[in-house]
Amino acid sequence: MNRLYFEDFSVGEVVEYGDRLVTAEEIVEFAREFDPQPFHLDEAAGRDSQAGGLIASGWHTASLLMRMNCDAFLNASASQGGPGVDELNWIKPVRPGDRLRVRRTTISARPSRSRPQIGVVEFAFEVVNQRGETVMTQKNPVFIGRRTPDTAS
């Protein structure tokens, strides 16, 4: 894959990628380490909660999005990180056996005023399960190196 630069991201572009099976074992493993709430650790405890069964931590889902983004484009890009996440929403629970994919929309792209060698690309991400249901959304800007920086800026 050729390296992706700021100029390769067009506003309005929609790209889909990923196919990640979520297992009960990984849900519990993540929860033990990072979010040990009962409904993330045990099926019976999950049934006794509003979750109605074992569900993945929202932070686990966010981590899976990050992994799918790295695999699909970030590691092949001139990414230089980002200033943070503007919005993160957990819409539906992720359960064992769910298959997740990502729908990425490029919302905006502009050259940086202070650092002409990079651009700021804002993305909207939807994490979607095998039934086509959106389980999580996230919006955030990413700093991406420019192929041909405008040094006059």
Side-chain angles (χ1 to χ4, degrees), residues 1-6 8-110 112 114-115 118-145:
M1 179 178 216
N2 293 330
R3 193 155 182 82
L4 297 169
Y5 291 90
F6 167 77
D8 297 317
F9 296 93
S10 302
V11 174
E13 174 185 47
V14 178
V15 179
E16 292 194 25
Y17 48 84
D19 180 23
R20 184 65 158 72
L21 176 65
V22 180
T23 67
E25 295 77 22
E26 75 176 297
I27 289 173
V28 171
E29 182 179 344
F30 184 95
R32 277 192 188 124
E33 182 75 17
F34 301 107
D35 190 355
Q37 296 181 75
F39 45 86
H40 298 319
L41 293 168
D42 180 74
E43 177 67 37
R47 277 194 305 274
D48 291 338
S49 76
Q50 70 177 7
L54 183 68
I55 61 170
S57 165
W59 298 112
H60 185 185
T61 306
S63 296
L64 292 170
L65 169 62
M66 187 68 199
R67 179 58 196 237
M68 288 185 283
N69 284 341
C70 285
D71 291 347
F73 80 102
L74 281 176
N75 286 347
S77 77
S79 171
Q80 296 185 26
V85 172
D86 294 334
E87 186 179 305
L88 174 69
N89 297 292
W90 295 305
I91 313 294
K92 288 188 168 283
V94 172
R95 300 185 182 279
D98 279 353
R99 281 198 170 276
L100 304 179
R101 68 181 192 283
V102 177
R103 183 177 305 120
R104 180 190 82 211
T105 303
T106 304
I107 298 173
S108 68
R110 65 171 176 79
S112 170
S114 61
R115 296 172 55 202
I118 67 166
V120 182
V121 182
E122 185 177 9
F123 295 108
F125 300 101
E126 294 174 81
V127 179
V128 180
N129 67 20
Q130 71 278 4
R131 290 178 296 283
E133 301 166 329
T134 299
V135 299
M136 188 185 96
T137 61
Q138 180 177 303
K139 286 184 183 176
N140 62 278
V142 177
F143 299 135
I144 300 179

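The structure presented is a predicted model; accordingly, all values stated were derived computationally and were not measured.
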Inset, instruction - Nearest 0.5 Å please: distance from the CZ atom of R67 over to the CG atom of L74. - result: 11.5 Å
Inset, instruction - Answer yes or no: is there a donor N or O on one side and an acceptor on the other, between the side chain of S10 and the main chain of E13, under 3.5 Å? - result: no
Inset, instruction - Please name the pair of heavy atoms, one in G97 and one in L21, separated by the smallest distance, quoted to 0.1 Å. - result: O-CD1, 3.6 Å
Legend entry - Under 3.5 Å donor-acceptor, R3 side chain and S77 backbone: yes
Legend entry - Spacing of CZ belonging to F39 relative to OG belonging to S57, to within rounding of 0.5 Å: 8.5 Å
Legend entry - Atom pair CG (D48) and CD (E43), whose distance is rounded to the nearest 0.5 Å: 10.0 Å
Inset, instruction - Taking atom CD of E87 as the centre, report whether more than 12 heavy atoms of other residues, nucleotides or ligands fall under 6.0 Å from it. - result: yes
Legend entry - From CA spacing to verdict: side-chain contact (heavy atoms from CB on, under 4.5 Å), D19, R101: CA-CA 5 Å; D19 180 23; R101 68 181 192 283; 5.8 Å; no
Inset, instruction - Any chance you could lay out the side-chain contact (heavy atoms from CB on, under 4.5 Å) test for E133 and I91, step after step, and finish with the verdict? - result: CA-CA 9 Å; E133 301 166 329; I91 313 294; over 6 Å; no
Inset, instruction - For the pair R95 and L54, evaluate side-chain contact (heavy atoms from CB on, under 4.5 Å) and give the outcome as yes or no after the intermediate values. - result: CA-CA 6 Å; R95 300 185 182 279; L54 183 68; over 6 Å; no
Legend entry - Closest contact, heavy atoms only, L100 versus M68: O-SD, 3.8 Å
Legend entry - Minimum heavy-atom distance Y17-A72, with the two atoms named: CD1-CB, 3.2 Å
Legend entry - E29 CD to F34 CZ distance, which is reported to the nearest 0.5 Å: 9.0 Å
Inset, instruction - Check G84 against P141 and note the closest heavy-atom contact, atom names and distance. - result: O-CD, 3.6 Å
Legend entry - F73 side, atom CZ; F123 side, atom CZ - distance, nearest 0.5 Å: 4.5 Å
Inset, instruction - State the CG-CG distance between N140 and L65, to the nearest 0.5 angstrom. - result: 8.0 Å
Inset, instruction - From the options R103, R104, E126, select the one residue that forms a side chain to side chain contact (heavy atoms under 4.5 Å, CB included) with V14. - result: R103
Inset, instruction - Examine distances only and state if a side-chain atom of Q130 and a backbone atom of R99 form a donor-acceptor pair shorter than 3.5 Å. - result: yes
Inset, instruction - Any ring-ring contact (aromatic ring centres under 6.0 Å, His included) involving residues 46-72? Give me the pairs, sequence neighbours left out, ordered by first then second residue. - result: F30-H60, W59-W90
Inset, instruction - Report the C-alpha distance between I118 and F6 in whole Å, list the side-chain angles of each, state the deciding distance to 0.1 Å, and finish with yes or no for side-chain contact (heavy atoms from CB on, under 4.5 Å). - result: CA-CA 7 Å; I118 67 166; F6 167 77; over 6 Å; no
Legend entry - Pairing of D98 and R131 as salt bridge, 4.0 angstrom limit: yes
Legend entry - Minimal non-hydrogen separation, I144 against Y5, with atom names: CG2-C, 3.7 Å
Inset, instruction - Say whether, by atom type as modelled, one donor and one acceptor occur between the side chain of H40 and the main chain of I55 under 3.5 angstrom. - result: yes
Inset, instruction - Among L64, V128, V127, find the one that has a side chain to side chain contact (heavy atoms under 4.5 Å, CB included) with M136. - result: V127
Inset, instruction - Heavy atoms only: give me the nearest V94-I27 pair and the separation to one decimal. - result: O-CD1, 4.3 Å
